Amino acid sequence: MTEFITVTGARENNLRDVSVRIPKRAITAFVGVSGSGKSSLVFDTIAAEAQRQLNETFSAFVRGFLPRLGQPDADLIENLSTAIVVDQKRLGGGSRSTLGTVTDINPLLRLLFSRRSVPHVGPGYRFSFNEQGMCPGCNGIGRRVQLDHSVMFDMSRSLNGGGILHRDFAVDSWYWHVWAQSGKFDNDKPFERYTDAEWQLLLWGSDEKVELAMAGKKAVKMEFEGVEAKFNRLYVNAAEEGASDRKKEVLARYTTSVRCADCGGTRLAEEPRTATVGGVTLPQVCALDLASLHAWLPTVRDRDVAPIVDEATARVGALVDMGLAYLTLDRETSTLSGGESQRIKMVRHLGSSLVDVMYVFDEPTIGLHPRDVGRMNALLHRLRDKGNTVLVVEHDTDVITQADHVVELGPRAGTAGGTVVYEGDVAGLAGSGTLTGEFLHRPVRAKESPRRPTGTLALRDATANNLRGFDLDVPLGVLVALTGVAGSGKSTLVREVLVPQHPEAVVVDQSAVATSIRSTPATWTGVMDAIRKLYAKETGVRPALFSFNSAGACPTCNGLGAVYSDLAYLDGVRSTCTDCGGRRYTEQVLALTVRGKSISDALDMTAADAVGFFTGRDIRPRLQALVDVGLGYLTLGQPLSTLSGGECQRLKLASRLHEEGTLFVLDEPTTGLHMSDCGHLLTLLDRLVDGGSSVIVVEHNLDVIAHADWVIDLGPDGGDGGGSVVFEGPPAELVHAPGSFTGEHLARHVG
Ligand code: ADP
Ligand code: ADP
Ligand code: ZN
Ligand code: ZN
């Protein structure tokens, strides 16, 4: 008998009394256009309630330390399991956190090395860069923070001429006098003409003392400490024990991090660094890409170490299966993309022996090439088959079609959505008449008459990371798709080659747009001021009355409509202000209306509705831009901190739509977009190109690739197996390109 999670009468955000039954121990895909309410149902209702119920099970004492979670707005939610949300948030951890540490593969390798290595370093020696085995030069970090001479000094100037730029050491500062009065330097000689010995003396000082005579004071003897030595003492060494913000700022501005010369960046002390197993050292093993590591491990397996090697092989294999074969264990987790981070987190759960857990995934296919989606599906199946419930928010048809159950929200976005328009199996979805059903099996069409380029962008000697030193001419004035499996080198080409060689390029990425809790689509687009003025003019009061810091704002929430339990974190717990009931302003201000709408009603309007309401020239075009980039469903007052990466990217794009002759680079702009919205995105990109701009999109989405005028496919594989240009040309030819995984997949989907 199938058990169900039941939700009755859910009303978070735009949900309109949604009731659903979600089968347990099955995979349920939540689909629907962007803004239809998928996240509101899955994250804000189901996962939030599971978390709240879990917190309730703790003692009152423990609960005192947990955030107090409000009950989601729903009549009843029953039969939940413990939820594990595996989202796109980057894997945290400082510089000590690497792929090897977060996957727990490093401890296994250390065990292997302590049993097997030659010379044998003795039982109990730990091969860990976080403990006994760490390099003393960098404390196991592999990098060292160093004074950045190019920021600290102006080499064309002298001591007297202000050649030391940091203001603590500026001309006439106490310390400047130590150097200037030391008698060791020609105070008017530009630094660039110092001899090596003089320069080293200025940087590092000596053991001698310097007699310092200051006007009106008794002469004192001072330690002759050099500039860099002093900087290190004041800032670098001090930073380790909880530095002040000012010190951190100085540190960030005046230092760079360089590879540690003692351990060559391997983080390990001498002995563990040089001991070998099967002729390879531990650092060498950690620098192998996972595909090579997977092949190497069985070669050192014997009876003694079989359990260790087998476990390591299984974990590495799981990462390879997730399309991450190109990564290395020594990769710092802070440099991994959101999609990579999510897939690594997924693998971590595979090893878990928990059953009857509810896993919740948020677009796990982001950044994944269609070639690798099948393997991700296999992982979802494995989680289910172990007895877990899997909920996945997805737009990818290859994921949707293998789900056991589908819930579609819609029919449209925002206030035009928020209802369940389909609930059932995949077979039924196709004929259901919903937007997702309509697009599910629709063939892709490769563009037949691509635009002619108006020029070319020259990329020369592309050599960063895995790129193999090629030259590339990218056509301008057209829509270019940059494709290739994950790890093939697409981001590297953009970040390390294109941008440095062409700083005029405008990269519109998915990073967050705002740090202020007050930022909303209205403030960000600049229409808030105009709206305030309009309300003031029409109701005959001062515009300031509609400001958050005025007497007109609700004094409890200062016009936020909500109170936050912890302002330091944007994702602190948010609850509706009980004084104004979320309406943000005092009764007096709420009584002032324009065509029947209070300012609070205006902020609750979606951008799409607001375009029809605010027709003024200083408001409408900016809101229309939001609609044009597919964000018409956002309400004007929605905190920007609630936006996903894809939404942030489209918001940034909205502010630049009117530009002409710009070179735009977009990183997976279809992230978070329903198939039906992709058409709108393409219309938008076409408009940019037809308006005289050039657009390069890094994409996996076949509709976008097929619609491009020109495709550059990197590969053939990821990591060391990639880094070359496999194909350049129009999409119609890509279909026949030999050795291109992208071409292969496009061929399978064109009708
Ligand atoms: P989806 O996940 O399907 O893209 P969401 O559930 O994120 O859709 O959004 C559904 C609707 O709810 C949208 O109109 C969105 O603007 C609105 N919404 C989402 N989060 C918030 C929030 N924190 N405050 C106000 N409105 C929100
Ligand atoms: P794509 O964008 O096509 O997924 P990337 O450009 O991210 O590929 O990666 C290409 C190769 O460069 C991969 O082997 C990847 O592991 C490596 N790489 C990318 N970023 C870094 C980094 N910050 N440090 C070390 N290696 C990196
Ligand atoms: Zn070191
Ligand atoms: Zn309030």
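Atoms within each ligand, like the ligands themselves, are counted from 1 in listed order. Hydrogens, waters and symmetry mates play no part in the numbers below; they use all other heavy atoms, side chains included. Quantities reported herein were computed from a predicted structural model and do not represent experimental measurements.
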Near the Zn ion (ligand 4), meaning under 2.8 Å, the protein N/O/S atoms are C554 SG, C557 SG, C577 SG, C580 SG
Quick one: does NZ or CZ of R371 land under 6.0 Å from the six-membered ring centre of F741, within 45 degrees of the ring axis?
yes
Parallel, tilted or perpendicular: which describes the rings of H745 and H749, with under 30° parallel and over 60° perpendicular?
parallel
Contact residues of ligand 2 with a heavy-atom cut-off of under 4.0 Å?
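For ligand 2, the contacting residues are Y326, L327, R331, T335, N465, N466, V485, A486, G487, S488, G489, K490, S491, T492, G719.
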Could you grab the distance from atom OG of S694 to atom CG of D709, nearest 0.5 Å is fine?
10.5 Å
How long is the gap from CD on Q649 to CD on Q510, to the nearest 0.5 Å?
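Answer for the CD-CD pair, Q649 versus Q510, is 4.5 Å.
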Using a strict threshold of under 4.0 Å (side-chain N to carboxylate O), is an ion pair present between [Y] and [X]?
X    : Y    : result
D509 : K652 : yes
R343 : E363 : no
R460 : D473 : yes

Are T256 and D148 close enough that a side-chain donor and a side-chain acceptor fall under 3.5 Å?
no
Which heavy atom of V508 sits nearest to which heavy atom of L653, and what is that distance?
CG1-N, 4.0 Å
